[in-house]
Amino acid sequence: MITVVVPVYNTGKWLPRAIDSLLIQTYNDYEIFIIDDGSTDGSSEICDQQGKKSDRIKVYHKANGGLSTVRNFGIDHAKGDYIIFPDSDDWVEPNYLEKLYNDMNQSGTDLAICGYWRSNIKKDKHYQKKIEQMVLNRNEAITLLVKAVGFQGYAWNKLYNLKTIRENNLRFDEELKAVQDLHFAVRYFSFCNKVFFDTTPLYHYSTDTGGVTTFKNFGQRELSGIKTYEKILEVLKGKYPDAEKEVHTSLSTWLLMLMQCYFVNNVKEPKTLRMIKRKFRRHVFYYIRSNRYSKRKRYGSSIAAISPRLYYYLLCKYGHVTVYRKK
């Protein structure tokens, strides 16, 4: 059996689309958990309405605690052998569960991953046009996982084995508020011998609902991302050098975006900015050496390590990288 955990927090107006797509699955042995995380906009009532559509649906209401608490609640109450975590504002293909289940079991791997569409009302955009299938060993899988391309750390395109989760006491870290799904995936992957990846898009990641995160704010959630990447580095340290380099690059990218957002939002916390600058200088070498970015962006990062304010000034004047401005 597969347990499908659907977290809801003020996303009730999109929930019927998600549930309808889950109820027409070609795979039959599954249960659906709709878990309301203390919604405040009437989504709780919509959850109850959706729960009446099928006997396979169970609706839970809990006090607001964040996405990780919802997913951990699902892990604790799941009756299935496998578990997956689609978002309530997205939707899936009819063979979403069947394909992932068959991919994992027929390949004899510990995890199955599918491709996805970035979807809106007008069109779908598949991030990888050429359909490929691959079996990855642990090192290959972790390295690809932490890169900024490929299947990434999303929880909704991965079918996890609950036995592996429970035997190794894996949980979503409730202290983290950003990138926590990647942190969970890295730890899970470290217990996998092999991982199966099929780029066939089975999941629709909605860009109409705010489902795609835009890095434009500056607050505790965004700052929490620093701790997440640092914790990921602790897991990888000394074991997966290629993946380590990628995470150092991702952390430096995160810190660079924090610098931008600090000035965009006109934040007046010089102590926080100094902390970001100090951490950025520790990791900027990886950004400069990375082939992810153009020479102009890498050159700009070296300026940011010296003076974030000058970097932002030049950024606004010459537009080397994207800046999200307040409307």
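Fair warning: this is a prediction, and the values are worked out from it, not measured in the lab.
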Within the supplied structure, the quantity of interest is the number of heavy atoms (other residues, nucleotides, ligands) at a distance under 6.0 Å from Lys163 NZ; does it exceed 12?
no
Show your reasoning for whether side-chain contact (heavy atoms from CB on, under 4.5 Å) applies to Phe218 and Leu223.
CA-CA 7 Å; Phe218 187 95; Leu223 289 170; 4.1 Å; yes
Is Phe196 isolated, or which residues cluster with it under the ILVMFWY side-chain rule of less than 4.5 Å, directly or via members?
Val135
What distance do Ile165 atom CD1 and Leu170 atom CG have between them, rounded to the nearest 0.5 Å?
6.5 Å
Only counting residues at least two apart or in another chain, list the ones meeting side-chain hydrogen bond (donor to acceptor under 3.5 Å, both in side chains) with Glu31.
Thr3, Lys58
Can you tell me if CZ on Arg166 sees more than 12 non-hydrogen neighbours from other groups inside 6.0 Å?
yes
For the residue pair Ser107 and Asn105, establish whether any side-chain heavy-atom pair is separated by less than 4.5 Å.
no
Run the numbers on Lys158 and Leu111 for side-chain contact (heavy atoms from CB on, under 4.5 Å), then give the verdict.
CA-CA 7 Å; Lys158 299 174 182 65; Leu111 180 82; 4.2 Å; yes
Can you tell me how far apart CG (Leu176) and CZ (Arg221) are? Round to the nearest 0.5 Å.
11.5 Å
Shortest non-hydrogen contact from Phe280 to Ala304?
CE2-CB, 3.9 Å
Would you say Ser88's side chain and Pro7's backbone share a donor-acceptor pair under 3.5 angstrom?
yes
Is a donor on one side and an acceptor on the other found under 3.5 Å between the side chain of Glu132 and the backbone of Thr199?
no
Going through the distances and angles, do Ile57 and Leu22 end up as a side-chain contact (heavy atoms from CB on, under 4.5 Å)?
CA-CA 10 Å; Ile57 300 175; Leu22 288 167; over 6 Å; no
For Tyr286 and His283, take the angle between the two ring planes, folded into 0 to 90°, and tell me which bin it lands in: parallel under 30, tilted 30 to 60, perpendicular over 60.
tilted
So which of Phe197, Tyr203, Tyr116 actually passes ring-ring contact (aromatic ring centres under 6.0 Å, His included) with Phe151?
Phe197
Short N-O contact, Asp110 and Lys194, less than 4.0 angstrom:
no
With Asn64, the side-chain hydrogen bond (donor to acceptor under 3.5 Å, both in side chains) member among Thr40, Asn10, Thr69, Asp37:
Asp37
Electrostatic pair Asp198-Lys99, nearest N-O below 4.0 angstrom:
yes
Sorted by chain and residue number, the side-chain hydrogen bond (donor to acceptor under 3.5 Å, both in side chains) partners of Asp76 (sequence neighbours excluded) come out as Arg171
Heavy-atom pair of closest approach, residues Ser290 and Arg292:
OG-N, 3.0 Å
Ser206 backbone acceptor or donor facing Arg118 side chain under 3.5 Å
no
Assess the side chains of Tyr293 and Thr249: does a donor N or O sit below 3.5 Å from an acceptor N or O?
no
Counting N and O atoms only, with roles assigned by atom type, does the side chain of Arg298 sit under 3.5 Å from a partner on the main chain of Tyr287, one being a donor and the other an acceptor?
no
Counting N and O atoms only, with roles assigned by atom type, does the side chain of Asn137 sit under 3.5 Å from a partner on the main chain of Glu140, one being a donor and the other an acceptor?
yes
Tabulate below the donor-acceptor pairs under 3.5 Å that side-chain atoms of residues 230-242 make, not counting sequence neighbours, or state none.
{"unit_1": "Glu230", "atom_1": "OE2", "unit_2": "Lys279", "atom_2": "NZ", "d": "2.8"}
{"unit_1": "Lys231", "atom_1": "NZ", "unit_2": "Asp173", "atom_2": "OD2", "d": "2.6"}
{"unit_1": "Lys231", "atom_1": "NZ", "unit_2": "Glu175", "atom_2": "OE1", "d": "3.0"}

Treating Ser252 as the side-chain partner and Val284 as the backbone partner, does any N or O pair qualify as donor plus acceptor under 3.5 Å?
no
If you look only at distance, which donor and acceptor atoms sit under 3.5 Å apart when one is on a side chain in residues 41-52 and the other is two or more places apart or in another chain?
{"unit_1": "Asp41", "atom_1": "OD1", "unit_2": "Ser43", "atom_2": "N", "d": "3.1"}
{"unit_1": "Asp41", "atom_1": "OD1", "unit_2": "Ser43", "atom_2": "OG", "d": "2.6"}
{"unit_1": "Asp41", "atom_1": "OD2", "unit_2": "Ser43", "atom_2": "OG", "d": "3.4"}
{"unit_1": "Ser43", "atom_1": "OG", "unit_2": "Thr11", "atom_2": "N", "d": "3.4"}
{"unit_1": "Ser43", "atom_1": "OG", "unit_2": "Gly12", "atom_2": "N", "d": "2.8"}
{"unit_1": "Ser44", "atom_1": "OG", "unit_2": "Asp36", "atom_2": "OD2", "d": "2.5"}
{"unit_1": "Asp48", "atom_1": "OD1", "unit_2": "His61", "atom_2": "NE2", "d": "2.8"}
{"unit_1": "Gln50", "atom_1": "OE1", "unit_2": "Lys53", "atom_2": "NZ", "d": "2.7"}

Please report the C-alpha distance between Gln133 and Thr200 in whole Å, then the side-chain angles of each, then the deciding distance to 0.1 Å, and finally whether the side-chain contact (heavy atoms from CB on, under 4.5 Å) criterion is met.
CA-CA 8 Å; Gln133 294 182 348; Thr200 303; 5.5 Å; no
Taking all atoms of both residues into account, what is the closest heavy-atom pair of Trp156 and Ile84, and its distance?
O-CD1, 3.9 Å
Under the side-chain hydrogen bond (donor to acceptor under 3.5 Å, both in side chains) test, residues paired with Arg138 that sit two or more places apart
Asn193
Report the distance from atom CZ of Arg71 to atom OH of Tyr160, rounding to the nearest 0.5 Å.
8.5 Å
If hydrophobic clusters are built from ILVMFWY residues whose side chains come within less than 4.5 Å, do Tyr299 and Met259 share one?
yes
Could you go through the ring-ring contact (aromatic ring centres under 6.0 Å, His included) check for Phe85 and Phe172 one step at a time?
CA-CA 12 Å; Phe85 305 93; Phe172 286 87; 5.3 Å; yes
Run the ring-ring contact (aromatic ring centres under 6.0 Å, His included) check on His77 and Tyr60 step by step: do they pass?
CA-CA 10 Å; His77 291 79; Tyr60 298 93; 5.6 Å; yes
Separation of Asn28 CG from Met1 CE (nearest 0.5 Å):
11.5 Å
Could you tell me if the side chain of Val5 sits less than 4.5 Å from the side chain of Ile35, heavy atoms only?
yes
Closest non-hydrogen atom pair, Ala243 against Ile142
CB-CG2, 3.7 Å
If you round to the nearest 0.5 Å, how far is CD1 of Ile276 from CE of Met257?
12.0 Å
Approximate separation, where rounding is to 0.5 Å, of Asn95 CG and Cys114 SG
9.5 Å
Short question: side chain of Lys277, backbone of Ile306 - any donor-acceptor pair under 3.5 Å?
yes
Looking at the rings of Phe263 and Tyr313, which for Trp means the six-membered one, are their centres under 6.0 Å apart?
no
Tyr30 ring centre to Arg56 NZ or CZ under 6.0 Å, with the angle to the axis within 45°?
yes
Qualifying residue, where the test is ring-ring contact (aromatic ring centres under 6.0 Å, His included) with Tyr27 and the options are Tyr96, Tyr101, Tyr82
Tyr101
